[in-house]
Amino acid sequence: MDGAIEKFQVQSVVADGLTEPQRRAVTHGDGPLLVLAGPGSGKTRVITRRIASLIARGVPAWSILALTFTNTAAREMADRVESLVPIDTPGRRGLTVSTFHSWCARLLRQFGPTSEAARHVTGALEGGFTILDAADAKASVKRALKAAELDPKHFTPAWAMGYIGEQKNVLRTATQCLDEAQDFASRTAARVYVEYEQILGRANALDFDDLLLRSAFMLLRDEAVRGAVQGRFRHLLVDEYQDTNHAQFVIARVVAQGSGNICVVGDPDQAIYGWRGADISNILEFEEAWPGAAIVALGDNFRSVEPIVACADALIRHNSERRERPLSSMVGPGDPVRRIACADDRHEARVVVQAVLDARAGGTPLREMAVLYRMNALSRAMEEECLRREVPYVVARGTAFYERAEVRSALSYLRVLANPADDLALQRAAQNPNRGIGDSGFAKLQAHAAMHGTCVRAVLARARAAGVAARTAKACEAFASELDALSLQLASDGWEEDGSCRLGRFVMDLIDRSGLRSFVMKESADDEEAEERSANLTEVANAAAETPMPADPEPAAPTPDRTLMGALRAYLERVALVADADMVDPERGALTLMSLHAAKGLEFDVVAIIGVEQGILPHERSLADPSQMEEERRLLYVGITRARRQLFITSAGLRTRNGIRLPTIPSSFDHELPEHALRREGSTGSFAGYGRAGDEGPGAEVGWERGRPRLAGRRVEAVDGTDEAGGSESVRAGSVVRHFQFGMGRVEAVFSEGGRTKARVAFRSSGVKTLVLDFVRLDVVS
DNA sequence: TACTTCAATGTTTTT
DNA sequence: CATTGAAGTA
C-alpha cells in the first residue's frame, strides 16, 4: 500500500467539512495552541480530529495524552478518535485519554512508592493507597479537628475542608502552611491541616486534591518521573481548560515542557468551577505561559436555534470581567425560549413534565431531553412528577449509588484488602455485620496500633494485647483470619482467558460469606427494601466483574498488574473517581435530571432549566460577591447553551425549602434575557400565582412508596419497566448492543451458567466481555 | 455492645 | 426536611 496516498486519505477525512478556523486548529503543527471554543462551536470535533490528524501524520498514539474532566468525555473522545483513524493505521493503539484525576492516580501508583516527592508526612506512599471520597475526607477532617482540640462550634468540618482544599489547589503543603503562618488564625488552620495529613498518611490514603498535588510535586521535583513522562508524551491536549486549577496548570505545564506541544481548549464564558479552585487566568493568560502560542477562536454555534443563542449571548454580555466575543447561530430560526412562571414547585414540575411529554409526542426521544437545576434538592419535585406521569428518568448523580450504606460496607472490605492501613474501611467492614467489635473496642485497638506505630489491621490478630474484652478479642481474631484468607486469593490471576474479570466472583463470595448480605437484608424495614439493598450488593460485584483487563503495554508504558489485586485496585480507583456526569447514558430511553454543573459539555434537543429564582440561581451565597455573581451568570449561560431546539426556563412563585413554602423573588438574571427571543407565560411578579398553588385536588398524591423516593442511584429503572431504546428482552446472538460503559458491541453468544443467563459480547473498543444479563443494562440497537 | 429515641442543626455546585 | 449526634435503655 502506498503510504503517501493513505496519509492523504486520512487527512482528507480529518479535515472534511470543517470551517476555516476549525481546520486551522486541527491542522496546526507543533507548538502551543489555544482554542477558544464557544458553546456548540465544534470543540470536541476539533480535539478528536486533531488527535486523528496527529496520528495520521505519524505521531504514535501512545505518545499522545488527552486530559478531560469526566470519564464520559474521555470515553467519547477515545471512541471518536478511533472511528476516525482506520484500524490498520500504524501507531494507532495506546492513546491515553483520561481525566486529570485518574491519570494522576495512575502516575502515583506507578511512581509514588519510590518517589520522595510523593511522600506522606508519615512515610512513603504505598501503591495500594486508598482514594478517599468526600464522606471519608470529611470524617478524617472531623478527627483532625478533634485531635487539634478546637471548639467544634467555631471550627466546622466544612471550614477546615475549604481551607485544606484551597491550600492543596495552590500546591501548599501542611508543613509549609504551618511554617509560614503569621497569626493565630492561620496557625490554627494549618494545625488542622497537619493533623489531617497525618491521619491520611497513617491510613495510606489520599483525597481528591492530593492526586493532583502529589502528581504535580513528582513532576516538579522528581527528575526520573518528569523524564519518564516527558519522554513518553510528546503531545498534550487539555479539554475544558477554563476549569483547571493551579495544580492542574502546573501538571499540564510540566508534561508539555518536554515537547512544547500543548493544545488547550476552553471557553472563559463557561468557567463554573471557581469555587473549587479553578483559576480562569490559566486560560486568559495562556499566551504568557506559552509565548508564541497560536490562537484560534471558534464562535459560530452549530448547536442551537437562533432564539436560544440570542438568549445566551444577551445574558453573558452582562458579565464585565470578559473579553467580548460574538456568538451566532448557524442553525437558523426556531421556537422562542419559553419563560414560564409557575405557581409553585409542584406546578413547575407538572408544567415541565407536560412539556417533556409533548415533545416526546412530537417525536423527540426522552434521551434527548434534560431538566437542569442549580441544586440537587430541586430534583425531588421533578422525580415525584415523573413517577406520577410514568416518565422514565435518570438522575445523573454518579456518586449516589456509592453513597448507599450497604455499598459502602461492601467496598470497605475491598478497600482494606487493597490497603491494610485503611482503618476507616477496616472499622466499617468489622462492624458490618456486627461481629461484637464495637466503637469502644475499635478505639482501643486504634490506640494500641498507634502506640506501636502501625495500623489496626496489623494488630487485629493479637487483639488481646490491646486490652480489649476477651470476647471482643476473639471476634477480632476470627475477623483477622477471615481477611487473611481473602488476602491470599488476591495473588492469583485477575482475569480469565476470555478476558472476563474474576473479581466479580470474588466480591460476590465475599458479600455472601462475610454475612454482609444477610445482615443488610435483616436490617431492612421491609421485603422490598431488603430486595433493593441486596440487589445493590450484587451490583457492586457485577460492576467489579466488568473491570477491563489492562492492555499490553505500549513502548514506555508500565507493565500492567494482572493479578486479582491489580483488578481490585483498578476497580476501586474507577469507583472512587466517577463523576456525576458519567451517569448520563445517552442510549437509555429516559429523561435526564441533573445539576447545571454536571451538564457542562453535554447537549440535548429539549432542555428545561428550573428554579430560576433569586437565591437559587443566582445562589444565595453568591449574591454579595460580584465575581461570584458572574460565575452564577455563566452557569445559567452553560445551561441555556445545552439546548439545541427547545428551551424552557421556569420559576415558581412559591417554593418549598426545608419543609416550608415561601414566596420567591424573580431571578435578577430574568431581566437580562432578551424579550424578542422569549415567550413569557404566567406572571413573573413576586407572589405570582398564589391563588393557584393548591389546585391539584385530592388526586394529586405522588408515587412515593412509604415516603421514600425509589432511589436515585445508578440503576434507576424506567418506572413502568419500559425502555424506549428497546429493553433487554431481545438480547440474542448477533444483536448489536450498547453498554453504558463499554459502548457498542456485538453479542457473540447467550448462555446459561451458574443459574444465570449470560452473554458474551465483543465490544468495539473494550474487547470481549461476559456479562450477566440479569444485572447489566444492555440496550439493543439491532 | 447495640439499639432506640429525641433534639439540634444546617443547607450549592464536584473530582 | 433530613441528617447527625447524644443520651438513655435492653
Side-chain angles (χ1 to χ4, degrees), chain A residues 67-74 98-105 131-135 137-139 142 152-153 156-158 161-162 165 168-169 206-213 240 243-245 247-248 271-278 372-380 396-400 402-403 405 430-443 468-469 471-472 475 519 523 573-583 594-600 611 615-623 628 631-632 634-636 638-639 656-661 707-709:
Chain A
L67 295 174
T68 63
F69 276 78
T70 65
N71 300 295
T72 301
S98 176
T99 67
F100 263 103
H101 290 266
S102 6
W103 186 72
C104 287
I131 300 170
L132 293 183
D133 63 19
K138 191 175 170 197
K142 277 184 188 168
K153 282 261 184 315
T156 64
M161 288 176 86
K168 288 189 174 180
N169 282 335
L206 299 180
D207 63 21
F208 290 128
D209 296 324
D210 280 329
L211 296 174
L212 304 178
L213 172 131
E240 307 281 9
D243 286 323
T244 50
N245 63 27
Q248 288 164 321
I272 54 175
Y273 282 105
W275 53 273
R276 92 177 181 198
L372 310 180
Y373 34 77
R374 176 66 235 264
M375 295 182 292
N376 286 306
L378 295 193
S379 73
R380 277 286 294 267
R397 270 207 79 214
T399 50
Y402 297 103
E403 282 164 8
Q431 297 179 332
N432 292 277
N434 295 323
R435 293 183 166 81
I437 306 170
D439 289 352
S440 65
F442 198 87
V468 297
R471 208 171 42 163
T472 308
F519 175 70
E523 255 195 334
E573 186 175 300
R574 200 182 75 202
V575 160
L577 299 176
V578 282
D580 284 359
D582 294 335
M583 290 300 125
M594 65 181 157
S595 72
L596 286 159
H597 283 91
K600 184 181 76 163
I616 294 182
L617 183 60
H619 194 269
E620 261 157 345
R621 313 256 303 223
S622 306
L623 296 174
Q628 283 189 58
E631 182 154 309
E632 296 288 308
R634 290 194 292 267
L635 198 50
L636 179 55
V638 166
T656 312
R657 286 243 259 165
N658 306 345
I660 335 171
R661 312 179 100 206
R708 197 160 42 85

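Residue numbers begin at 1 in each chain, while the letters A, B, ... track the order of the sequences.
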| Expressed as a whole number of Å, how far does the C1' atom of B:dT12 sit from that of C:dG5? |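 Comparing C1' positions in B:dT12 and C:dG5 gives a spacing of 24 Å.
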Suppose you measure atom P in B:dT13 against the same atom in C:dT4; what distance do you get, rounded to whole Å?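 Per the computed distance, 15 Å lies between those P atoms.
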In 5'-to-3' order, the base (B), backbone-only (S) or no-contact (-) status of each nucleotide in nucleotides 10-15 of chain B, using a 4.0 angstrom heavy-atom cut-off, is -BBBBB
Query raised in the report: What is the distance, rounded to the nearest whole Å, between atom CG of A:Asn434 and atom P of C:dA10?
Result: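 Result: 19 Å.
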Report task. Find the distance A:Leu378:CG to C:dA2:C1' and express it as a whole number of Å. Result ->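 Rounding to the nearest Å, CG of A:Leu378 and C1' of C:dA2 are 16 Å apart.
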Worksheet item: Just checking A:Lys600: base, sugar-phosphate only, or nothing, at a heavy-atom cut-off of under 4.0 Å?
Response: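 Result for A:Lys600 = nothing.
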- Task: Using a heavy-atom cut-off of under 4.0 Å over every strand shown, decide if A:Thr156 touches base, sugar-phosphate, or nothing.
- Result: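 No contact at all - A:Thr156 keeps every heavy atom at 4.0 Å or more from the nucleic acid.
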For A:Phe100, which of A:Thr68, A:Leu211, A:Leu212, A:Asp243 qualifies under side chain to side chain contact (heavy atoms under 4.5 Å, CB included)?
->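 When A:Thr68, A:Leu211, A:Leu212, A:Asp243 are each tested with A:Phe100, the side chain to side chain contact (heavy atoms under 4.5 Å, CB included) holds only for A:Leu212.
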(request) Quickly, which of A:Ile272, A:Leu635, A:Thr70 forms a side chain to side chain contact (heavy atoms under 4.5 Å, CB included) with A:Lys600? Name it, please. (result)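 Going through the options one by one, the only one that passes is A:Ile272.
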Quick check: do [X] and [Y] have side-chain heavy atoms less than 4.5 Å from each other?
X: A:Glu632; Y: A:Arg374; result: yes
X: A:Asp133; Y: A:Tyr402; result: no
X: A:Phe442; Y: A:Val468; result: no

Would you call the rings of A:Tyr273 and A:His597 parallel, tilted or perpendicular if under 30° counts as parallel and over 60° as perpendicular?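 Tilted.
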